[in-house]
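All chains are named by letter (A, B, ...) in the order of the sequence lines, taking the proteins before the strands, and each is independently numbered beginning at 1.
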Amino acid sequence: MSRLIQNRIGNSLSRLKPQPSILIKNLSTSPEPSLDEESSQSSHIWNVIVGRAGGDRAVSDEDEVFHRLSNDPLCKRVTLSDTLLNKLLHRFRDDWRSALGVLKWAESRKAHHHKHSPEAYDLAVDILGKAKKWDRMKEFVQKMSEDKAVTLNTVAKIMRRFAGAGEWEEAVNVFDRLNEFGLEKNTESMNLLLDTLCKEKRVERARSVLLELKAHIKPDSHTFNIFINGWCKTNRVEEALWTIQEMRGYGFRPCVISYTTIIKCYCLQCDFIKVYEMLSEMEANDSPPNSVTYTTIMSCLNSQKEFEESLRVAARMKRSGIEGDTLFYNCLIHTLARAGRVEEAERVFRDEMPSVNTSTYNSMIAMYCHHDEEVKAVELLREMEGLKVCEPDVHTYHPLLRSCFKRGDVIEVGRLLKEMVTKHHLSLDESTYTFLIQRFCRADMCEWAYCLFEEMISQDIAPRHRTCLLLLEEVKKKSMREAVERIEHVMRTVKLTAPVK
DNA sequence: TTAGGGTTAG
């Protein structure tokens, strides 16, 4: 949503009660931090920027962020390491203005000859690309180029962001200009371009790039796997099989990656006869399936609600002596949970897993919530916080929030939201806002729903058309006239998110 | 990013 539109509607907005952002903001009064460790330094900087310390308002541009940080007495005492800077940029990955402000502030704190780490530069490029601020991104890359700071990794970010936004010819242009960045056109950089195009389903365009370049640059086995994936993504498995032959012609043996890619394609076609045929072929061909292969098949079976068959695939993997990794076990736990086998899921979680991550906990928490065992679910959340192996994300909280709504406990909803924002610095995403707005409407609390709607708009997150309609209907029922006007205005002026399929 | 996920659904 453009600043212009926001300004135009800003005036009528400020007269409305409750004020936008008030919901989350009121939830977010955090205590004065002691700045003795990196995470509290990061928290303080975050609070300065989002306006919970010092000023009241959230900032609107990068210079304001810069000035706030420069003028804050506690920020002046912060030791700004590369890790802290990266952590901050990561937190502001959806807010390019704040990210650039932080970077500028970081620059002002350093000695003249000192450069940011390559990760920080690349993160900034990626954040600008994600926000589709192409001019700012090009300008930033130009400055990096003068500092000889552009790496292949930077180029990867630029290409993938361009291609992801449908600007795939721009991605090709970046490759053509590699020499200007002091980088080489070789198999690695060519593969990056081909992969970018294939992932965006421009496999024919990738093909023409290869034909053009192959006199100078030799393809390798990765090149062919990239094309196999490209064909499979566009559901052209015949071409993928043909690429396997082409690969052999170039003297490369198809590997477990080549076969697993094709298996996934058969999975999506629900052609399980072919899936199992290929599995046997792999075993016979001396490229045995691995944990990735089995996880792919299980996930697909799960999406068909074929949980028992999925568990048989897991058993087959164990029989063949292959060790599962975290993603495999996460899938297994999810399967067991969906199959109603809670005790088995608990056993796998406690005794079998080599390591766990956020998703593992999320699956377990969702399982407990699903079985109305919220006490156990919250216990796991606390365990997660205590062990610090992985941190909760918005998905950790979704089932918990859902349970609160189910019991009609909106106080607890508020408490959980506060915890998300203040304790874990999670920012609500589009799907969380949508979910909350729906549930508050259904709970006959459309004032809260409307607050969240405003909060969402103020963060440039476009609501779904359906969300607007639902909320509009509710505020009309309560004769909230200004809210009605405001929602109708948003529906006319903002490009709304299409409903999810 | 050369291959693998689900997540809030009355």
Side-chain angles (χ1 to χ4, degrees), chain A residues 126 152-153 155-157 159-161 163-164 171 187-188 190-200 219-230 232-233 240 243 247 252 254-265 267-268 278 282 287 289-303 310 313 317 324-335 337-338 357-367 369-370 392-406 413 416 428-440 442 466-467 499-500:
Chain A
D126 199 44
L152 193 58
N153 218 359
V155 170
K157 303 282 185 210
M159 280 186 183
R160 293 201 194 274
R161 285 301 178 192
T187 305
E188 192 186 7
M190 175 185 74
N191 281 349
L192 174 62
L193 174 63
L194 297 176
D195 188 54
T196 305
L197 293 171
C198 284
K199 295 258 158 71
E200 294 306 325
D220 64 2
S221 65
H222 289 198
T223 315
F224 294 100
N225 283 336
I226 286 166
F227 277 103
I228 290 170
N229 188 42
C232 285
K233 256 192 139 51
T243 305
M247 187 173 185
F252 300 109
C255 65
V256 61
I257 296 178
S258 329
Y259 290 119
T260 302
T261 308
I262 292 172
I263 282 189
K264 165 133 194 220
C265 192
C267 276
L268 292 174
M278 184 132 284
M282 289 172 80
S287 325
N290 62 17
S291 184
V292 179
T293 320
Y294 286 105
T295 311
T296 306
I297 301 169
M298 287 173 69
S299 300
C300 185
L301 287 166
N302 288 351
S303 64
S310 182
V313 171
M317 177 174 122
D325 59 7
T326 309
L327 224 53
F328 167 79
Y329 278 109
N330 284 352
C331 181
L332 179 59
I333 283 182
H334 177 75
T335 314
R338 294 296 305 272
N357 60 20
T358 301
S359 301
T360 321
Y361 277 97
N362 289 359
S363 289
M364 292 296 292
I365 288 171
M367 174 181 80
C369 288
H370 189 76
D393 61 15
V394 285
H395 306 299
T396 315
Y397 283 90
H398 277 163
L400 294 165
L401 289 166
R402 179 186 158 274
S403 296
C404 297
F405 277 115
K406 207 169 142 192
V413 170
L416 286 173
L428 309 188
D429 59 2
E430 188 270 335
S431 68
T432 311
Y433 276 118
T434 303
F435 165 67
L436 289 169
I437 290 171
Q438 277 174 8
R439 302 306 290 242
F440 275 126
R442 205 189 296 169
R466 282 184 55 165
T467 309
V500 191

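A/Asn330 comes within 4.0 angstrom of a nucleotide base, judged by non-hydrogen atoms across all strands. A/Asn290 comes within 4.0 angstrom of a nucleotide base, judged by non-hydrogen atoms across all strands. Using a 4.0 Å heavy-atom criterion, one finds that A/Thr223 contacts no nucleic acid atom at all. Residue A/Arg160 is classed as a base contact, given a heavy-atom separation below 4.0 Å to a base. Residue contacts shown for A/Phe328 include a base, since a base heavy atom lies under 4.0 Å away. Nucleic acid contact class of A/Thr196 (heavy atoms, under 4.0 Å, all strands): none. Base engagement by A/Ser359 is indicated by at least one non-hydrogen atom pair under 4.0 Å involving a base atom. Counting any heavy atom pair closer than 4.0 Å across all strands shown, A/Asp325 reaches a base atom.
Comparing B/dG10, B/dT8, B/dG6 against the side chain of A/His334 picks out B/dG6 as the nearest. Closest to the A/Leu327 side chain, of the nucleotides B/dA3, B/dT8, B/dG4, is B/dG4. Considering only the side chain of A/Arg442, B/dG10 comes nearest among B/dG4, B/dT2, B/dG10.
Put simply, A/Asn362 has no side-chain N or O that comes within less than 4.0 Å of OP1 or OP2 on B/dT7. Side-chain nitrogen and oxygen atoms of A/Lys199 include at least one within less than 4.0 Å of the OP1 or OP2 phosphate oxygen of B/dA3. Between A/Arg338 and B/dT7 there is a side-chain polar atom (N or O) within less than 4.0 angstrom of OP1 or OP2.
With rounding to whole Å, A/Ile226 atom CD1 is found 9 Å from B/dT1 atom C1'. Whole-Å rounding puts the A/Asn357 CG to B/dT7 C1' distance at 13 Å.
Taking atom P in both B/dT1 and B/dG5, one finds a spacing of 13 Å when rounded to whole Å.
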For the pair A/Ser310 and A/Arg338, evaluate side-chain contact (heavy atoms from CB on, under 4.5 Å) and give the outcome as yes or no after the intermediate values.
-> CA-CA 11 Å; A/Ser310 182; A/Arg338 294 296 305 272; over 6 Å; no
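Donor-acceptor pairing under 3.5 Å, judged by distance alone, is absent between the side chain of A/Thr260 and the base of B/dG4. Counting distance only, with no hydrogens placed and no angle test, the side-chain atoms of A/Thr295 and the base atoms of B/dG4 include a donor-acceptor pair under 3.5 Å. Between the side chain of A/His222 and the base of B/dT2, a donor-acceptor pair under 3.5 Å is found.
Defined by atom type and a distance below 3.5 Å, a donor-acceptor pair is present between the side-chain atoms of A/Thr360 and A/Asn357.
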